[in-house]
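Worksheet: one structure, shown below.
Chain letters run A, B, ... following the sequence lines, proteins first, then strands; residues in each count from 1. Source: prediction; values computed, not measured.
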Amino acid sequence: MFPEAHGELDAKTPFQLLIAVILSAQATDKGVNKATPALFAAYPDSKQLAQANLSEVEALIKTIGLYRSKAKNIIKTAMMIEEEFGGEIPRDKQLLQTLPGVGRKTANVVLGDAFGIPGIAVDTHVERISKRLQLVKQSATVTEVEEKLMKVVPESEWIVTHHRLIFFGRYHCTARAPKCAACPVLPYCHFGGKISSK
DNA sequence: ATCCCGAGGG
DNA sequence: CCCTCTGGAT
């Protein structure tokens with residue numbers, strides 16, 4: 001079910017992963033992982049969450065941020081999984097994106113981490129690094145970043161590359177105060193270690 | 001382009 | 001205090 005290395009989100013099933021990824025928008029994995037145990041204890045699967053009370057779900061995920069829209073979205077998503085997809089998570093990017101709260105990035109992560117389907121999800125880290133290393137121009141959209149990376153990286157390594165970029169972005173090439181002095185790819189970086197931590 | 005939102009880091 | 005976090009919908 002889970003082929004191998006996935007992200008740092010805690011989830012026992014594809015459904016829980018889907019919910020966790022929706023919740024992770026503009027939030028840290030750590031923050032999501034703090035809230036999901038209680039959430040999944042109360043609503044372990046789509047059948048349970050589809051019948052959940054809105055304000056109870058809001059209370060459970062409040063600490064994550066953006067909780068009002070996220071509570072509404074995950075309940076509606078659970079309802080759609082039950083009613084339109086027979087209780088199964090669709091293994092298709094377009095179908096996944098019909099679920100509320102699921103966009104291009106979330107769909108890619110779920111397909112890759114739950115089903116091993118190759119793709120490169122462009123999140124804030126991947127976008128930042130691609131631009132600092134000038135793989136794409138500063139004004140590039142997330143879609144352009146995704147296309148560029150898929151062209152440069154062989155398909156068999158898309159998922160691994162994605163996770164490496166995330167890890168690099170989260171712990172080294174951070175948005176604020178990146179650790180340029182100890183950077184392995186400093187010679188390839190346009191900024192050459194002088195990113196003003198503005 | 002803007003809104004939604006709280007927690008944690010620097 | 002201000003910035004950032006595996007964005008998505010309007």
W158(A) atom CH2 is separated from dT6(C) atom P, nearest whole Å, by 24 Å

Pairs involving residues 135-145 of chain A, ordered by first then second residue, that meet side-chain hydrogen bond (donor to acceptor under 3.5 Å, both in side chains) (sequence neighbours left out): none

Separation of K70(A) atom NZ from dT6(C) atom P, in whole Å? 11 Å

Using the closest heavy atom to pick a nucleotide of DNA chain C for each, name whichever of P100(A) or V21(A) lands nearer the 5' end. V21(A)

I'd like to know if the side chain of D10(A) and the backbone of N33(A) have a donor-acceptor N/O pair within less than 3.5 Å. no

Length of the CG-P vector between L66(A) and dA9(C), whole Å: 13 Å

Integer-rounded Å distance: dG7(C) P and N108(A) CG: 13 Å

Between L99(A) and A27(A), which is nearer to the 5' end of DNA chain C once each is assigned its nearest nucleotide? A27(A)

With sequence neighbours excluded, tell me which residues meet ring pair (Phe, Tyr, Trp, His ring centres under 6.0 Å) with F85(A). none

K105(A) NZ to dC5(C) C1', in whole Å, measures 10 Å

K34(A) NZ to dC5(C) C1', in whole Å, measures 14 Å

Length of the CG-P vector between L23(A) and dC5(C), whole Å: 18 Å

If we ignore hydrogens and angles and just use 3.5 Å, is the side chain of Q97(A) paired with the main-chain N or O of R104(A) as donor and acceptor? yes

Can you tell me how far C1' of dT6(C) sits from CD1 of I64(A), to the nearest Å? 13 Å

Has the side chain of R91(A) got a donor or acceptor atom that lies under 3.5 Å from a matching backbone atom of L96(A)? no

According to side-chain hydrogen bond (donor to acceptor under 3.5 Å, both in side chains), does anything in residues 35-53 of chain A pair up with another residue at least two apart or in another chain? List the pairs. Y43(A)-E56(A), S46(A)-E82(A), N53(A)-S55(A)

Would you say E8(A)'s side chain and D29(A)'s backbone share a donor-acceptor pair under 3.5 angstrom? no

Mind listing the residues from residues 121-130 of chain A sitting with a heavy atom below 4.0 Å of DNA chain C? Number order is fine. D123(A), T124(A), H125(A), R128(A)

Side-chain donor-acceptor distances from residues 149-160 of chain A under 3.5 Å, at least two apart:
from	atom 1	to	atom 2	distance (Å)
W158(A)	NE1	V153(A)	O	2.8

Is there a donor-acceptor pair closer than 3.5 Å between any side-chain N or O of K148(A) and the backbone N or O of S130(A)? no

From the 5' end of DNA chain B to its 3' end, which nucleotides mark the outer limits of contact with chain A, defined by a 4.0 Å heavy-atom distance cut-off (strictly under)? dC4(B) to dG10(B)

